[in-house]
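Heads up: the structure comes next, in structure tokens.
Owing to the predicted nature of the structure, the values given are computational and were not obtained by experimental measurement. Protein chains get the first letters and strands the later ones, always in sequence-line order, with residue 1 at the start of each.
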2 protein chains.
Amino acid sequence: MPATIRDVARASGVHISTVSRTFSAPHLVNPETRVRVLACAEDLGYRPNRAARALITGRTHNIGLIIADIANPFFPPLIKAAEGQARHRDYHVFVADTNEDASAEEELVHALAKQVDGVLLCSPRMSNSLIEQVSREVPVVVINRQVAGLPCVVMDVGQGARSAIEHLLGLGHRRIALLGGPRGSWTNREIRRAAGAAARSGGAELTLLGPNPPTETGGGAQAEQVRRSGVTAVLAYNDLMAIGLIEGLDQLGLRVPEDVSVVGVDDIALSRLTRPKLTTVATPTAAAGRTAVDMLLQHDSEPRPRGGGRAAAVGDRRTTAQVMLQTELVIRDSTGPAPGSGRTRPGGTSEGPGPHRRADPGGPTGATGGAVAS
Amino acid sequence: MPATIRDVARASGVHISTVSRTFSAPHLVNPETRVRVLACAEDLGYRPNRAARALITGRTHNIGLIIADIANPFFPPLIKAAEGQARHRDYHVFVADTNEDASAEEELVHALAKQVDGVLLCSPRMSNSLIEQVSREVPVVVINRQVAGLPCVVMDVGQGARSAIEHLLGLGHRRIALLGGPRGSWTNREIRRAAGAAARSGGAELTLLGPNPPTETGGGAQAEQVRRSGVTAVLAYNDLMAIGLIEGLDQLGLRVPEDVSVVGVDDIALSRLTRPKLTTVATPTAAAGRTAVDMLLQHDSEPRPRGGGRAAAVGDRRTTAQVMLQTELVIRDSTGPAPGSGRTRPGGTSEGPGPHRRADPGGPTGATGGAVAS
DNA sequence: GCTCGTGCTGCAAAGGTTTGCAGCGAAGAA
DNA sequence: TTCTTCGCTGCAAACCTTTGCAGCACGAGC
């Protein structure tokens, strides 16, 4: 039913190539012809078929964004930032959700592969080797994971976890639990590694709880375990789990931060709305989205080898840089002195100004994170 | 760089049509040939180009889902449900976010048009006539809006608003504010209409505040207005605004529900986490997602007229049914007796069992909503 | 021995677009 | 007048698949 270029050509009495040029290279066609063609096109409701165009140009002007769980409020700022950046470069973003499922992830990459010029793989659950394999089918930038030979943008959660543990140590905590995230998460491994090292060097004991689904429910489900383990502080894989845990502890009659201190990771908007407000490791989510788009599109303007047109797609011959963005501990109300440590609570911290206050959420802070190697 | 069907044909010494059949109609090719072809394909990492396939079959097996604001927690359950339903039918869902912007919305429909078999337009901000226009380019199902001649699925927010107002009237409130949502929202109009009627027939005064952006910030920004207006209860366009408003009132020293009662709409997960827990109109979000996918794909199995292949796409000749799903008032802790009304608070309601307790979030409750007309 | 059916494969058109090249007419230069 | 140049347009190949039709070889039935 929709009109094709041929219909427009017929209606305006010119060759299809002239119609094509009317849209993609207007300066090459006689003004009079142009207006006539445009009129006919308007009349017939003609829109160039982007799929057909992509078939020959090798450019779709779309990018795919694959997300582990769209319901996790961690992602929307990243998505929005990516979309904004893409829009500047005249690209559209298609988002797909994998439900934390590795095989769905792979399937979606294939589904998207030829409809986009590249894919942003955000917090992938696939194995590294599988990522490498799919990256041969379509240009990929990985977010929240380092995989050798591929362009990546990660947050320095190691540093964040270290700061969190040090913060807890400073409050007198010596028995700390790490509420682990999902299996297959790079972030999870990094946090575990860094938190373990920091605890050890601070003379504290670190109990590992997990893996768990990275959701409120996943956090809440471990409340009983936390109580039984007798720890006085918990570092959670993310804010959602931290919030769920606080709820769970509450139902068990444990108060936060009086009985147990809780630290999250991500600094989602929600962490400012719950009571107590959450102490958390802020990650530059928006900056990550922007950076990833830039990396994917960095060779966009380069002339592409014509002939065979067969899409040496965007980002081909890309320098496989790896970028690490800085994180920052934001101290709010969910952490306090360890019970029985004799310390008193440092006055109502709650985001007062000071070294820990976060400058500009998702702003340049993170974007300046140094590029690393390769 | 990626292998094409031609490469596989060359490598396995058969014609490309045989390779094609190996994938799309295996029973038509000799088992020996088949294994040889499959081996070569595997070897070369060949994947059929879905864009090229779509060009000729007229089916992409993708559906587009256009969302006003992906950061609004109202949408993820709908997205997830749509994805699940689509997956059953062997479809993938591509999500796009419009940032509440009508023109971005239109642009995205065009970007998606030829890459998907149909589009779910969720809470559109476009004008009805524009929706009608784009629906000529690609099959569309509209969610959260009724537009004549197009298949729609809406929630009965009118009924919900009525229940909410009646609930407030029952608590003795006589001066109520309606915290309006974004311009161009069908839901907003429905709520206003129904709430206005209910208030009038209950002898209450309804103050309109808005339009506002449907976010926490948008809600919080009206806190001062709410105080000044002297109302004792507020019905907000959605939960996010309700929560933002509660925060804002809190900062002005007004307590909820002691000083002001607040009701939201949507019953997002967050509304159970804030203090006080939010009284709200639960909408069957997941059911809406599922239903919309079903409506879009209902003629999927029908044989398609071959010849010209030009995609009398999915859902063509669709019966343009309009479905309305039921809503339900969920009473939690953000509503109480009007100050000075002499009434006392009915004991700790908070989701106890009873007529208002919600059965199964997004479950069959809503899915059974009756089909209506046309 | 001939016909027919069956099982497999090749041929070529079709789908909607872009783009290098060639052609054409007119205007300007020699 | 003849040769260029220039501005515009048409031609046809190419992108990667799918699919109706035809062709081929072979075995069975008469």
- [ ] Answer with base, sugar-phosphate or nothing: what part of the nucleic acid does B/Arg34 contact at a heavy-atom distance below 4.0 Å?
- [x] nothing

- [ ] Find out whether B/Val93 and B/Arg87 are in side-chain contact, i.e. whether some heavy atom of one side chain is under 4.5 Å from a heavy atom of the other.
- [x] no

Value in whole Å for how far the [atom2] atom of [N] lies from [atom1] of [X]:
X	N	atom1	atom2	result
B/Arg36	C/dC8	CZ	C1'	12 Å
A/Gln115	D/dC16	CD	C1'	13 Å
B/Ile56	C/dA14	CD1	C1'	6 Å
A/Asp7	C/dT17	CG	P	9 Å
B/Ile16	C/dG10	CD1	C1'	10 Å
B/Arg59	D/dC16	CZ	P	25 Å
B/Leu55	C/dG15	CG	C1'	4 Å
B/His15	D/dA22	NE2	P	17 Å

Counting only side-chain heavy atoms from C-beta out, which of [options] sits nearest to [X]?
X	options	value
B/Ser17	C/dT18, C/dG10, C/dC8	C/dG10
B/Thr4	C/dT18, D/dT17, C/dT17	D/dT17
A/Arg53	C/dC8, C/dT17, D/dC15	C/dT17
A/Arg6	C/dC8, C/dG16, D/dT18	C/dG16
B/Asn30	D/dT17, C/dT17, C/dC8	C/dC8
A/Val29	C/dT18, D/dT17, D/dT9	D/dT9
A/Thr18	C/dT9, D/dT18, D/dT9	D/dT9

Open item on the list: With a 3.5 Å cut-off and heavy atoms only, can you find an N or O donor on one side and an acceptor on the other between the side chain of A/Arg21 and the base of D/dG10?
Closed with: yes

Task: Phosphate contact (D/dT19 OP1 or OP2) by B/Ser20 side-chain N/O below 4.0 Å - done: no

Open item on the list: Assess, by modelled atom type and distance only, whether the side chains of B/Asn62 and B/Gln115 contain a donor and an acceptor separated by less than 3.5 Å.
Closed with: no

TODO: State which residue, out of A/Ile63, A/Leu297, A/Asp294, A/Thr291, fulfils the side-chain contact (heavy atoms from CB on, under 4.5 Å) condition with A/Gln85.
DONE: A/Asp294

TODO: Among A/Thr98, A/Val109, A/Leu65, A/Val141, find the residue that satisfies the side-chain contact (heavy atoms from CB on, under 4.5 Å) test when tested with A/Leu121.
DONE: A/Val109

TODO: Name the residue closer to the 5' end of DNA chain C, choosing between B/Val14 and A/Phe23 according to the nucleotide with the nearest heavy atom.
DONE: B/Val14

- [ ] Could you tell me whether B/Asp101 and B/Arg125 make a salt bridge, using a distance below 4.0 angstrom between a side-chain N and a carboxylate O?
- [x] no

